[in-house]
Amino acid sequence: MEFILNFLQSFWELSVMIGLYVLIGLIFVGIIHLYISEDWIKKHLGEDNKYSALKGALYGIPLPLCSCGVIPLATSLRQKGASKKAVTSFYITTPMTGIDSIIATYGVFGLPMAIIRVISSFISGVVAGSFVKESYDDIQEEEKKSCCSSSCCGSSSNEVVKESQFKKAYDYAMNEVFSDLAKPMFYGLILATLFLLLIPNNGVEFLNDNLFIAYALVFLVALPLYVCSISAIPIALSMLAVGVSPGVAFIFLAAAPATNIITAGIIKKILGNDVLIIYLISIIVVTFSFALMIDFAFPKEWFVYTLDSLESESKSILDIGGAIIFLVTMFYFVGKQWIKTISSKKN
């Protein structure tokens with residue numbers, strides 16, 4: 001019984017830390033959707049030139065697509081003639097960041113971590129794209145299919161419906177983006193809470209005394225997981241809360257959303273083995289480098305103030321209200337998906 005109460009308390013504390021910032025991020029997601037369409041992205045990434053990797057990285061950073069949600073869009077870009085350089089860099093930066101996760105990272109970890117997360121994503125994308133060799137072989141047709149359940153992963157624009165700008169932004173942010181993120185976000189909070197409660201002190205000491213082993217372990221743990229850029233936040237926060245070094249937490253925060261098996265398999269299929277190797281090496285090298293800088297070069301106080309906030313008993317009304325709205329909305333979408341799954345199995 002005591003474990004359940006501690007679990008619920010830690011789950012709530014994590015939700016208070018991130019809930020308001022997730023909601024703020026979703027507001028910006030809706031605004032961006034009004035002005036940046038998939039057709040616009042396809043138009044600007046369809047050219048093959050020396051700026052292809054740079055443009056692919058820049059356009060991918062603000063988009064709120066999950067690591068599997070980027071699959072249909074990136075596949076479509078390739079089919080429409082976008083260069084391998086642009087698609088590769090786009091594949092990296094899009095799942096690693098997003099306007100929603102950038103804002104949430106800033107709110108939870110502070111400005112330095114948010115900036116480092118964006119910069120590492122950008123450099124990873126540009127480096128990978130720059131090393132990719134373009135080929136003009138016939139591109140195999142790939143079915144535009146993703147593991148995501150909603151249209152945020154590749155929404156159709158065939159139906160033209162007149163509606164207010166506010167409703168359009170709200171529907172996209174909540175009914176497409178957040179509905180798709182709800183389940184991985186829920187699982188991420190559960191994993192983060194369990195990490196807080198179950199990780200032994202000697203395990204934390206071992207990780208901090210053997211940072212290179214810890215860095216490698218984080219990649220190995222992240223590889224089979226499907227973690228969105230925003231659902232990685234509570235897990236990374238729980239790592240900091242138990243005393244794991246900020247560099248280790250950063251590796252999970254930055255690399256986990258882009259290195260899952262699903263994404264790797266699709267990249268291998270549409271871009272080839274050589275691109276997949278470049279893709280993974282770029283992420284590993286750049287993320288490792290920034291993790292080392294976080295642990296040994298940057299001031300420690302940049303990354304520890306969040307722990308005081310987590311342990312503080314005083315929470316603002318905005319934080320509590322944001323957490324309540326966040327949790328109610330998340331449980332609504334998760335429950336809706338579960339009911340849909342159960343109904344489909346019965347039929």
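Listed by first then second residue, pairs satisfying side-chain hydrogen bond (donor to acceptor under 3.5 Å, both in side chains) with a partner in residues 187-197 number zero, not counting sequence neighbours.
By the rule that hydrophobic residues join a cluster once side-chain heavy atoms approach within less than 4.5 Å of another member, Ile339 and Val334 end up as members of separate clusters. Linking Ile, Leu, Val, Met, Phe, Trp and Tyr whenever their side-chain heavy atoms come within less than 4.5 Å puts Met330 and Leu318 in one cluster. Residues Phe3 and Leu8 fall within the same hydrophobic cluster, defined by Ile, Leu, Val, Met, Phe, Trp and Tyr side chains chained together at heavy-atom separations under 4.5 Å. Cluster membership for Val244 and Phe296, using ILVMFWY side-chain heavy atoms within less than 4.5 angstrom, is shared.
Scored by the side-chain contact (heavy atoms from CB on, under 4.5 Å) test, Lys336 finds Tyr332 as partners (sequence neighbours excluded). Judged as a side-chain contact (heavy atoms from CB on, under 4.5 Å), and not counting sequence neighbours, the contacts of Ala169 are Leu34. Partners of Ser282 by side-chain contact (heavy atoms from CB on, under 4.5 Å), not counting sequence neighbours, listed by chain and number: Val127, Ala128, Ile278. With sequence neighbours excluded, no residue forms a side-chain hydrogen bond (donor to acceptor under 3.5 Å, both in side chains) with Tyr21. For Thr97, there are no side-chain hydrogen bond (donor to acceptor under 3.5 Å, both in side chains) partners, not counting sequence neighbours. Looking at residues two or more places apart in sequence or on another chain, you find a side-chain hydrogen bond (donor to acceptor under 3.5 Å, both in side chains) between Ser101 and Ser229. In this structure Phe131 satisfies the ring-ring contact (aromatic ring centres under 6.0 Å, His included) test with no other residue, sequence neighbours excluded. With sequence neighbours left out, the side-chain contact (heavy atoms from CB on, under 4.5 Å) criterion links Val16 to Trp12, Lys315, Asp319, Ala323. Under the side-chain hydrogen bond (donor to acceptor under 3.5 Å, both in side chains) criterion, Glu205 pairs with no residue, sequence neighbours left out. Qualifying ring-ring contact (aromatic ring centres under 6.0 Å, His included) partners for Tyr170, counting only residues two or more places apart in sequence or in other chains: none.
In this structure a side-chain-to-backbone donor-acceptor pair under 3.5 Å is present from Ser179 to Glu176. Checked by atom type and distance alone, the side chain of Ser10 never pairs as donor or acceptor with a backbone atom of Phe7 at under 3.5 Å. A donor-acceptor pair under 3.5 Å is absent between the side-chain atoms of Lys85 and the main chain of Ala53, judged by distance alone. Judged purely by atom type and a 3.5 angstrom limit, Ser120 uses its side chain to pair as donor or acceptor with the backbone of Arg117. A donor-acceptor pair under 3.5 Å links the side-chain atoms of Thr93 to the main chain of Ala57, judged by distance alone.
Here the closest heavy-atom approach between residue Ala104 and residue Ile233 is recorded as CB-CD1, 3.5 Å. Between Ala249 and Leu240, the shortest heavy-atom contact is CB-CG, 4.1 Å. Shortest non-hydrogen contact noted between Ser238 and Ala192 is CB-O, 3.3 Å. In terms of heavy-atom proximity, Ala236 sits nearest to Phe109 at CB-CZ, 3.9 Å. For the pair Asp295 and Lys300, the tightest heavy-atom approach, listed with the atom from each and the gap, is O-NZ, 2.9 Å. For the pair Pro234 and Leu189, the tightest heavy-atom approach, listed with the atom from each and the gap, is CB-CD2, 3.7 Å.
Residue Ile317 qualifies as open at atom CD1: its count of foreign heavy atoms under 6.0 Å is 12 or below. The environment of CZ in Phe28 is sparse: at most 12 heavy-atom neighbours from other residues, nucleotides or ligands sit within 6.0 Å.
Within the 4.5 Å cutoff, the side chain of Tyr91 has no heavy atoms near those of the Val275 side chain. At a threshold of 4.5 Å between non-hydrogen side-chain atoms, the residues Thr287 and Phe250 count as touching. Looking at Met293 and Ile116, their side chains never come closer than 4.5 Å, going by heavy atoms from C-beta outward.
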> Does the side-chain contact (heavy atoms from CB on, under 4.5 Å) test come out yes or no for Leu211 and Val248, once each step is laid out?
Replying inline: CA-CA 7 Å; Leu211 283 179; Val248 174; 4.0 Å; yes
> For Leu54 and Leu58, what are the C-alpha separation, side-chain angles and deciding distance, and is it a side-chain contact (heavy atoms from CB on, under 4.5 Å)?
Replying inline: CA-CA 6 Å; Leu54 181 65; Leu58 285 174; 4.2 Å; yes
> Is there a side-chain contact (heavy atoms from CB on, under 4.5 Å) between Val286 and Phe122 once you walk through the steps?
Replying inline: CA-CA 10 Å; Val286 174; Phe122 174 75; over 6 Å; no
> Going through the checks in order, is the side-chain contact (heavy atoms from CB on, under 4.5 Å) test met by Phe195 and Ile235?
Replying inline: CA-CA 8 Å; Phe195 191 90; Ile235 300 176; 5.9 Å; no
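A ring pair (Phe, Tyr, Trp, His ring centres under 6.0 Å) with Phe331 is found for exactly one of Phe326, Phe186, Trp338, namely Phe186.
Within the model, atoms CG of Leu220 and OH of Tyr215 stand 15.0 Å from one another, a figure rounded to the nearest 0.5 Å. Separation of atoms CD1 (Ile230) and CG (Leu26) is listed at 6.5 Å; rounding is to 0.5 Å. Note that CE of Met239 and CG of Leu253 are 9.5 Å apart. Values are rounded to the nearest 0.5 Å. Between the CG atom in Leu217 and the CZ atom in Phe252 there is a gap of 13.0 Å [rounded to 0.5 Å]. Note that CZ of Phe11 and CG of Asn6 are 15.0 Å apart. Values are rounded to the nearest 0.5 Å. Atom OH of residue Tyr279 and atom CD1 of residue Ile92 lie 5.5 Å apart, to the nearest 0.5 angstrom.
Using cut-offs of 30° and 60° for the angle between ring planes, the Phe178 and Phe333 rings count as perpendicular.
Side-chain heavy-atom separations under 4.5 angstrom define the hydrophobic clusters, and the remaining members of the one that includes Ile277 are Ile281, Val285.
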